[in-house]
Amino acid sequence: MLRREGRSIGRDEEEERMLGGVSQIGIRNLETIYIKQGEKVEMGELVATIGFFDGVHRGHQYLIRNVINEAHQVGMVSAVITFDEHPRQVLKASLGKEEDVNSRPELLSSLDEKLLLLSKTGIDKVIVLHFDVALADLSAREFMEDVLCNQLNVRKLLIGYDNRFGHNRSEGFDDYKRYGEQLGIEVIHNNAYLPDGEKISSSRIRTYIKEGDIVRANHCLGYDYTISSKIVSGFQNGHKLGFPTANLDINACQQLLPMRGVYAVMVQLDHSLVWKRGMMNIGKRPTFDGTKETLEVNIFNFEGNLYGQDISIRFISKIRDERKFDSLEALSQQLEQDKHTINALFDRRHPMVDNIVEQ
């Protein structure tokens, strides 16, 4: 077992986020416990919920708020129980097929980013369970008794409206409630969060992102969709056009990539609190007869050598599709128009502000 406070969470003081986020409260110190099945841990009585919580979207946030409220009412500690690996990926890898081992789920957030998002919800603890085949083989009854009851001391369990757990996810809420009565765990069904009359789910958000509908994806997330990677050397074509770009290592990016096109983005560099305006191209650079998928971002009003730095990209809106131009001059003119369009978009969001600083 490993306990850490504030791992990859940032500063202890509260922070107002000018571009939105999971909450307006900001970053707080979060106790994060990494644990394997069977490890002993001293734990007070918990009100908890369980799930992978990919993206920690508005539906997740609604569920977690209910956990926190329930814990306050009964004087217990609130907790989110999640996993270090995506269950689907672990089960695919266990089959031993090369394509399953090399493939990866289309994640909305890495583990560190998920912990950062969870830190903003006000939850007391996050328990990160090591997910392996042995854990996957437990029935729902075994999981509730061995892990939730005996290992983690969960006394109230809030279940998301569509959440299932246990081997093959073959059982449902009525089963969990019956097992809970036998084990001394009160199991509570959480209603679906239905803003605008539609259910919010990670799969729905993934669909929006794949379609380039960033505005709707961000609406469901409750914050701007963000990816992280490392800057590597590129083809230097941007310099020739007057729009130098930072090239992201596509293999270092653990999250789902939006469809090909040009996007209005905010860019944060290594160890910086500043989010700068930029435009990003995702695609194969057809004007240059490219064949490989690339991620290139032009940071407005910025000069400097960025190679090797970590970078985060916050997506605001898709501007246009990627297309092939007849000449470099035509491409350069279009990029100038794209920059004008993006600046106009940001001016509507944050008039007179070029850079957004997290205080």
Query raised in the report: Just wondering, do S202 and H57 contact through their side chains at under 4.5 Å, heavy atoms?
Result: yes

Query raised in the report: Are Q151 and K40 close enough, and set up right, to give a side chain to side chain contact (heavy atoms under 4.5 Å, CB included), and what steps lead you there?
Result: CA-CA 6 Å; Q151 190 174 11; K40 294 296 292 182; over 6 Å; no

Query raised in the report: Is a side-chain donor or acceptor of Q268 paired with a backbone partner of S272 at a separation under 3.5 angstrom?
Result: yes

Query raised in the report: Could you go step by step and tell me if L157 and L148 meet the side chain to side chain contact (heavy atoms under 4.5 Å, CB included) rule?
Result: CA-CA 9 Å; L157 180 67; L148 298 184; 3.8 Å; yes

Query raised in the report: Side chains of L248 and C253: does their closest heavy-atom pair fall under 4.5 Å?
Result: no

Query raised in the report: Are L295 and Y307 linked, directly or through other ILVMFWY residues, by side chains that come within less than 4.5 angstrom of each other?
Result: yes

**Report entry** Centroid-centroid distance, H130 to Y34, less than 6.0 Å
**Finding:** no

Report task. Check whether any side-chain heavy atom of E296 sits under 4.5 Å from a side-chain heavy atom of R285, and report yes or no. Result -> yes

Report task. Show the numbers, then the answer: is there a side chain to side chain contact (heavy atoms under 4.5 Å, CB included) between F173 and R164? Result -> CA-CA 8 Å; F173 176 78; R164 289 174 177 264; over 6 Å; no

**Report entry** Heavy-atom check, side chain of I250 versus side chain of L257, under 4.5 Å
**Finding:** yes

**Report entry** Reference residue F83; test ring-ring contact (aromatic ring centres under 6.0 Å, His included); the match among F131, F53, F52
**Finding:** F131

Report task. Under the salt bridge (Lys or Arg N to Asp or Glu O under 4.0 Å) rule, what do D132 and K36 come out as? Steps first, then yes or no, please. Result -> CA-CA 9 Å; D132 55 18; K36 295 180 180 179; over 6 Å; no

**Report entry** Modelled atom types, side-chain donor and acceptor of R314 and Y225, under 3.5 Å
**Finding:** no

Query raised in the report: When I311 is tested against each of N247, L306, D270, V297 for side chain to side chain contact (heavy atoms under 4.5 Å, CB included), which residue passes?
Result: V297

Query raised in the report: Is there a chain of hydrophobic side chains (I, L, V, M, F, W, Y, each step under 4.5 Å between heavy atoms) that links Y208 to L256?
Result: no

**Report entry** Side chains of I81 and V126 in contact at under 4.5 Å (non-hydrogen atoms)
**Finding:** no

Query - Any residue meeting side-chain hydrogen bond (donor to acceptor under 3.5 Å, both in side chains) with T82, in chain and number order, not counting sequence neighbours - result: K114

Query raised in the report: Q61 side chain to L221 main-chain N or O, any donor-acceptor pair under 3.5 Å?
Result: yes

Report task. Evaluate the side-chain hydrogen bond (donor to acceptor under 3.5 Å, both in side chains) criterion for residues E113 and Q254: first the C-alpha distance (whole Å), next the side-chain angles of each, then the deciding distance (0.1 Å), finally the verdict. Result -> CA-CA 10 Å; E113 287 155 346; Q254 300 180 43; over 6 Å; no

Report task. State which residues pass side-chain contact (heavy atoms from CB on, under 4.5 Å) with Y161; sequence neighbours excluded, sorted by chain then number. Result -> H189, A192, K199

**Report entry** Pairing residues for N66 by the side-chain hydrogen bond (donor to acceptor under 3.5 Å, both in side chains) criterion, not counting sequence neighbours
**Finding:** N190

Donor-acceptor contacts under 3.5 Å from residues 324-331 side chains, at least two apart:
from: K324; atom 1: NZ; to: D289; atom 2: OD1; distance (Å): 3.1
from: S327; atom 1: OG; to: A330; atom 2: N; distance (Å): 3.1

Report task. Not counting sequence neighbours, which residues clear salt bridge (charged side-chain N to carboxylate O under 4.0 Å, His left out) with R320? List them please. Result -> D338

Query raised in the report: Which residues pass the salt bridge (charged side-chain N to carboxylate O under 4.0 Å, His left out) test with D310, sequence neighbours left out?
Result: K230

Query raised in the report: Is it true that R178 and D175 have a side-chain N and a carboxylate O under 4.0 angstrom from each other?
Result: yes

**Report entry** Contacts of E145 that satisfy salt bridge (charged side-chain N to carboxylate O under 4.0 Å, His left out) - sequence neighbours left out
**Finding:** R141

Report summary line: Taken in chain and number order and not counting sequence neighbours, the residues that satisfy side-chain contact (heavy atoms from CB on, under 4.5 Å) with A140 are F165, E171, Y176, Y179

Query raised in the report: Checking K339 against F300: charged group under 6.0 Å from the ring centre and within 45 degrees of the axis?
Result: yes

Query - pair P258-I214: side-chain heavy atoms closer than 4.5 Å - result: yes

**Report entry** Partners meeting side-chain hydrogen bond (donor to acceptor under 3.5 Å, both in side chains) with Y263 (sequence neighbours left out)
**Finding:** none

Requested in this report: For the pair R277 and I342, evaluate side chain to side chain contact (heavy atoms under 4.5 Å, CB included) and give the outcome as yes or no after the intermediate values.
Outcome: CA-CA 8 Å; R277 299 180 181 189; I342 290 169; 5.5 Å; no

Query raised in the report: Got a sec, which residues hit salt bridge (charged side-chain N to carboxylate O under 4.0 Å, His left out) with K156, two or more places apart in sequence or on another chain?
Result: E70, E186

Query raised in the report: Looking only at heavy atoms, which two atoms of L345 and S317 are closest? And how far apart?
Result: CD1-CB, 3.8 Å

Report task. Indicate whether the side chain of R216 and that of N218 have a donor and an acceptor atom separated by less than 3.5 Å. Result -> no

Report summary line: side-chain contact (heavy atoms from CB on, under 4.5 Å) filter on V77, not counting sequence neighbours, yields L46, D124, K125

Report summary line: Closest non-hydrogen contact found for L30 with I123 is CD1-O, 3.5 Å

Query - Side chain proximity check, I231 to L269, heavy atoms < 4.5 angstrom - result: yes

**Report entry** Residues in side-chain hydrogen bond (donor to acceptor under 3.5 Å, both in side chains) contact with R260, at least two apart in sequence or another chain
**Finding:** E293

**Report entry** Minimum-distance pair of heavy atoms, taken over all atoms of C149 and I185
**Finding:** CB-CD1, 3.9 Å

Query raised in the report: Donor-acceptor pair, D54 side chain versus S109 backbone, under 3.5 Å?
Result: yes

**Report entry** hydrophobic_cluster_shared for V215 and I227, side chain cutoff 4.5 Å
**Finding:** no

Report task. Could you verify whether a donor N or O on one side chain and an acceptor N or O on the other, from S228 and S312, lie under 3.5 Å apart? Result -> yes

Requested in this report: Taking N298 for its side chain and P244 for its backbone only, find out whether a donor-acceptor pair lies under 3.5 Å.
Outcome: yes

Query raised in the report: Do N343 and H340 touch side chain to side chain, with heavy atoms closer than 4.5 Å?
Result: no

Requested in this report: May I ask you to decide if K284's main-chain N or O and E322's side chain share a donor-acceptor pair within less than 3.5 Å?
Outcome: yes

Report task. Taking only Lys NZ, Arg NE, NH1 and NH2, and the carboxylate oxygens of Asp or Glu, determine whether D321 and K318 approach each other closer than 4.0 Å. Result -> yes

